[in-house]
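We name chains A, B, ... by the order of the sequence lines, and we start the count at 1 in each one.
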Number of protein chains: 2
Amino acid sequence: MSDSKIRNMEEFASVSGISRPTLSKYFNDPESVRASTRKKIESALETYDYRPNIYAMNQNRRLTKNIGIVVPYLADPFFAEIARIIENLVIEGGFRPILLSSHGGTRQEIENLDSLRSIRPAGVLLAPLGRRSDVSAIESFCAEVPTVLFDNSIGDLGEAFFGLNNPQSVGLMVEYLCSTGEAPVFFEMRTPTNPNAYKRRSAYLGTMEKLGQTPQLIQIEGETWDFEAIGYEGGLKAIRHRQLGTNTVLCSNDRLAIGFLAAAYECGLRVGRGPGTALRVAGHDDHPYARFTCPPLTTVTQDYAAIATRSVEAILDLIESGERRDSRDTVLFAGTLIERESA
Amino acid sequence: MSDSKIRNMEEFASVSGISRPTLSKYFNDPESVRASTRKKIESALETYDYRPNIYAMNQNRRLTKNIGIVVPYLADPFFAEIARIIENLVIEGGFRPILLSSHGGTRQEIENLDSLRSIRPAGVLLAPLGRRSDVSAIESFCAEVPTVLFDNSIGDLGEAFFGLNNPQSVGLMVEYLCSTGEAPVFFEMRTPTNPNAYKRRSAYLGTMEKLGQTPQLIQIEGETWDFEAIGYEGGLKAIRHRQLGTNTVLCSNDRLAIGFLAAAYECGLRVGRGPGTALRVAGHDDHPYARFTCPPLTTVTQDYAAIATRSVEAILDLIESGERRDSRDTVLFAGTLIERESA
DNA sequence: TTAAAAATTTTACGCGCGTAAAATTAATGG
DNA sequence: CCATTAATTTTACGCGCGTAAAATTTTTAA
């Protein structure tokens, strides 16, 4: 390996014996040059330590090779996990992922979009905050940058949307719970931060009605993204005030359920479905930690991989075609029941 | 708001009545221009929609306004949380955080460093993988870019290091456990991915010896970052094979403890310190979920905020001074015992 | 009021690469 | 082997901004 460090493409052109425009073509798309040329370049690349200046590259390119990924709250393992999958797919697709978390706040979400704008990404994968999102900010962003929404939808914004079929998945769970024991109450936040929560509520209500059961909602307060803490506090209150009209609790998501389980434990209520148990608790999402609660949490999976894969495919298609879609592609994936010990 | 979109600094100069070089100065550091000028610029900025091209800006600047943040595994809420704090501090400091996760893999860590190199960051905050890190890759990176290490140290690499005082924190826990019940066995991975784990092991051994107790290690297999799963599997084995020579288990970290608790639950062992309990289990780190295990996990906190704050301060100092340190600043923060129900 | 200091403006060049157009060379097929 | 087609090289310009140096204006201090 020669120590001589190459400063720019010009210099690399002279040492490699390839003209600079051809090198430029190569770095934009290695497949766009003749195989023999590519080989020459790549062997020169092994000998000399050169990489194009990323800023100069992106300055004049109408489209960069960046794909933005925005999630509402990265400290939530659900989003961390899906972001991880997406990142890898984006890299495989030959793009550079730029991962941003909105940390649960409207301002941060707007700043993330602004920040992405100044980066001129080829496309963006956006999981919006939901209720707290500034709809018009997202709308104008989608107008500027090809954007695919996932996890939760805001109106019909974005070129495509991939998420969970909440009516199906909640219906599945409610039917399971009703057929194996008492009908569940629905444990949720009164003003959820996430639109999916509203869909789950109405799915619960709908399914209960269909089954001829009387629905009951326990709606707890809370405005933050500390769902475990909210579920715990709300759970304590609900249990102590005997608000649970049944022995079965369906939580709007797994993180609330984890908090609820802690509350039940503290109150000495044994959770599970066997003999000697006082309460059945179910969640929703198959959170990475759901396997490890005590007892392990019965829940509904979201197919992380499918959502991630389809989202990335969609944005890559959009980028490649260079066009906007005339119709918005919306796919809701079915959830699968994960039967564990808690319900 | 005028609709006329400004294309470049030249154009913004003419509409704002400020010369382009002064604007350039302003965008590099708003404080560097006269207050009256700044005011003019800022009011023009409200009227016209202009933002400098980030690529053109960074092309010629010797130092960008980017600060890289690399964590070993972002799907671990511990790192997600500390990354969140660091991100905010970096933004407050007037820099742009670039968050990258190594996803537990050597190759990804190297790629992250490579990727950062091509971005020419002003500085980098690096929490290395540990045992799996390519030491020479990190070394050469530190030589090129001002780098502060946190969470775990690799030799004396980096301009500074901020982390936890493992001997102190583990000592604290061992003494607490010994003084309130049986002496603990130490539950850990045989070949931990994280150097802190080795320090914790020897801290355990040292403290036990000091207290005149016989140390015992339970070392489980596992190479991934799925610590909960590893702790669960290992816990099942240890319990079923009656490898626990005592009723008290100290886990090398909270994630292992969460898995171990699930195993204990499955085996019907009641965990806690009150009457009718079979086992005491303690962890280490005060993981965000430790409050919500059943029972709540007794553990030792790491002062996330202190580590984050000092790390960011250090890198900002380095950047500002423009010099490398002659001595490496190393601070190990003391842990605090968090007494909950599990031990 | 005036001289000195500080900030701004003018002028001018460079950064590293994208990219267009024309000229040249190489690959392909019959 | 030659004609056709495809790829590469040459040449040249532009992108948006950083930044240096000299000229000018504004501010500050005396």
Estimated bend of the helix from C/dT1-D/dA30 to C/dG30-D/dC1 (axis per five terminal pairs, rounded to 10 degrees): 20°

Contacts table for residues 67-76 of chain A: side-chain donor-acceptor under 3.5 angstrom, sequence neighbours left out:
unit_1: A/Asp76; atom_1: OD1; unit_2: A/Phe78; atom_2: N; d: 2.9
unit_1: A/Asp76; atom_1: OD2; unit_2: A/Arg255; atom_2: NH1; d: 2.9

Rounding to a whole Å, what distance do you find between B/Tyr26:OH and C/dT9:C1'? 19 Å

Atom CG of B/Asp29 and atom C1' of C/dA7 are separated, to the nearest Å, by 14 Å

Give a yes/no answer on whether the side chain of [X] brings an N or O atom under 4.0 Å of OP1 or OP2 in [N].
| X | N | result |
| --- | --- | --- |
| B/Ser19 | C/dT9 | yes |
| B/Ser36 | D/dT26 | no |
| B/Thr37 | C/dA7 | no |

Please write out each protein N/O paired with an N/O of nucleotides 14-20 of chain D under 3.5 Å, distance rounded to 0.1 Å.
unit_1: D/dG14; atom_1: N2; unit_2: A/Asn60; atom_2: ND2; d: 3.0
unit_1: D/dC15; atom_1: O2; unit_2: A/Asn60; atom_2: OD1; d: 2.7
unit_1: D/dC15; atom_1: O2; unit_2: A/Asn60; atom_2: ND2; d: 3.0
unit_1: D/dG16; atom_1: O4'; unit_2: A/Gln59; atom_2: NE2; d: 3.2
unit_1: D/dG16; atom_1: N2; unit_2: B/Gln59; atom_2: OE1; d: 3.2
unit_1: D/dG16; atom_1: N2; unit_2: B/Asn60; atom_2: ND2; d: 3.3
unit_1: D/dG16; atom_1: N3; unit_2: A/Gln59; atom_2: NE2; d: 2.9
unit_1: D/dC17; atom_1: OP1; unit_2: B/Tyr50; atom_2: OH; d: 2.5
unit_1: D/dC17; atom_1: OP1; unit_2: B/Asn53; atom_2: N; d: 2.9
unit_1: D/dC17; atom_1: OP2; unit_2: B/Met9; atom_2: N; d: 2.3
unit_1: D/dC17; atom_1: O2; unit_2: B/Asn60; atom_2: ND2; d: 3.3
unit_1: D/dG18; atom_1: OP2; unit_2: B/Ser24; atom_2: OG; d: 2.4
unit_1: D/dG18; atom_1: N7; unit_2: B/Arg20; atom_2: NH1; d: 3.4
unit_1: D/dG18; atom_1: O6; unit_2: B/Arg20; atom_2: NH2; d: 2.9
unit_1: D/dT19; atom_1: O4; unit_2: B/Arg20; atom_2: NH2; d: 3.2

Salt bridge flag under 4.0 Å for residues A/Arg84 and A/Glu87: no

Inspect the contact between A/Glu42 and A/Lys39 and indicate whether a charged nitrogen and a carboxylate oxygen are less than 4.0 angstrom apart. no

Working note: B/Thr147 + B/Glu159, criterion side chain to side chain donor-acceptor pair (under 3.5 Å); need CA distance, chi angles, decisive distance, verdict. CA-CA 6 Å; B/Thr147 304; B/Glu159 306 290 308; over 6 Å; no

Taking every non-hydrogen atom, the tightest pair across B/Ser311 and B/Leu125: O-CD2, 3.5 Å

Salt bridge (Lys or Arg N to Asp or Glu O under 4.0 Å) contacts touching residues 139-156 of chain B (sequence neighbours left out): B/Arg117-B/Glu144

Give every residue pair that meets the salt bridge (Lys or Arg N to Asp or Glu O under 4.0 Å) criterion with at least one member in residues 16-30 of chain B, sequence neighbours excluded. B/Glu10-B/Arg20

Partner residues of A/Glu320 under the salt bridge (Lys or Arg N to Asp or Glu O under 4.0 Å) criterion, sequence neighbours left out: none

